[in-house]
**Student:** 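Below you will find the structure I want to go over with you.
No hydrogens, no waters, no symmetry mates; every other heavy atom, side chains included, goes into these values. All chains are named by letter (A, B, ...) in the order of the sequence lines, taking the proteins before the strands, and each is independently numbered beginning at 1.
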Amino acid sequence: MPNYWLMKSEPDEVSIDDAIKAPKHTVAWTGVRNYQARNFMRDGMQVGDGVLFYHSSCPEPGIAGIARVASGTRPDPTQFDKTSPYYDAASKPDAPRWLLLDVQAVRKTRLLGLPELRDTPELADMVVLKRGNRLSITPVSEAHWKLITGTLLAGA
DNA sequence: GCCAACGTTGGC
DNA sequence: GCCAACGTTGGC
C-alpha cells in the first residue's frame, strides 16, 4: 500500500517545470539537512509513493504538481562538495550523514496555493499547515491525498 | 526586511 | 542532561 508525502522545494532551485524537463522527469532530491526529513526518506518512503510537489519561499507558495518516489536512498553528494551551499564538513564519505532519493514528476497541476489550502476545512490538520512547521518533507494522509489529487486538482 | 517558530550547538 | 544562544525556515 503506497504512502503519501509532501516535499517542499524552492522553485528558484528546482521547480515542477524543472522536474518535468529533466531526463525521465526525474530529479535527485538534494539538500535535505534535517534529521527528521532524512529519516522519512530512509525509513518511510518507498518507490511508488505519491508526492505533492510544493513550492516554498516564493511569491505563490503552494502545491504545484504531483510526483512519485522513484528510488531508494543514497548518499547526497552535495554534502561532500565544498563549493555547494549544502556542504557539510562534519560528514565523512565513509559515514555519510545526508541522503537523497529520486523524485519523478507525474504531472504539473494548477497552483493550489497556501491560502486555498488553509481555506479547506478538511485539510486543517495537514502537517504542512501547522503553525511553525518547517519540515521539508511531511507525511500526507490518504484522505488528504485523495481530496487534493482527486477533487481539488481533478483535471487541473 | 521582519519575525515567529523551531532545530542545533556548545558550555556547564 | 539542561538550556541559552544562535542559525535557519518560510510566510508575509
**Student:** Considering only heavy atoms and no angle criterion, is a donor-acceptor pair shorter than 3.5 Å present between the side chain of A:R134 and the base of C:dT8?
**Tutor:** yes
**Student:** Tell me: CD of A:E13 to C1' of C:dT9, nearest whole Å?
**Tutor:** 13 Å
**Student:** Without decimals, in angstroms, what is the distance between A:D88 CG and B:dG7 P?
**Tutor:** 18 Å
**Student:** For A:R118 and C:dG11, give me the distance from atom CZ to atom P, rounded to whole Å.
**Tutor:** 8 Å
**Student:** Please determine, by modelled atom types, if A:S15 and A:D18 share a side-chain donor-acceptor pair under 3.5 angstrom.
**Tutor:** yes
**Student:** Will you find, in the side chains of A:R33 and A:T78, an N or O donor that is under 3.5 Å from an N or O acceptor?
**Tutor:** yes
**Student:** I want to check one thing: is the phosphate of C:dG10, taken as OP1 and OP2, less than 4.0 Å away from some side-chain N or O of A:K8?
**Tutor:** yes
**Student:** Is the phosphate of B:dC6, meaning OP1 or OP2, less than 4.0 Å from a side-chain N or O of A:Y35?
**Tutor:** no
**Student:** Could you tell me how far apart A:N133 (CG) and C:dG11 (P) are, to the nearest whole angstrom?
**Tutor:** 9 Å
**Student:** What is the distance, rounded to the nearest whole Å, between atom NZ of A:K130 and atom P of B:dG7?
**Tutor:** 15 Å
**Student:** Could you give the CZ-to-P distance, from A:R97 to B:dT8, as a whole number of Å?
**Tutor:** 10 Å
**Student:** Is it true that A:W5 and A:F53 have ring centroids separated by less than 6.0 Å?
**Tutor:** no
**Student:** Take the protein atom OH of A:Y86 and the nucleotide atom C1' of C:dT9, then report the distance between them rounded to whole Å.
**Tutor:** 12 Å
**Student:** Looking only at side-chain atoms of A:R131, point me to the closest of C:dC12, C:dG10, B:dA5.
**Tutor:** B:dA5
**Student:** Would you mind reading off the distance between A:L135 atom CG and C:dT9 atom P, rounded to a whole angstrom?
**Tutor:** 12 Å
**Student:** So which heavy atom on A:R134 is nearest to which on A:K8, and how close?
**Tutor:** C-NZ, 3.8 Å
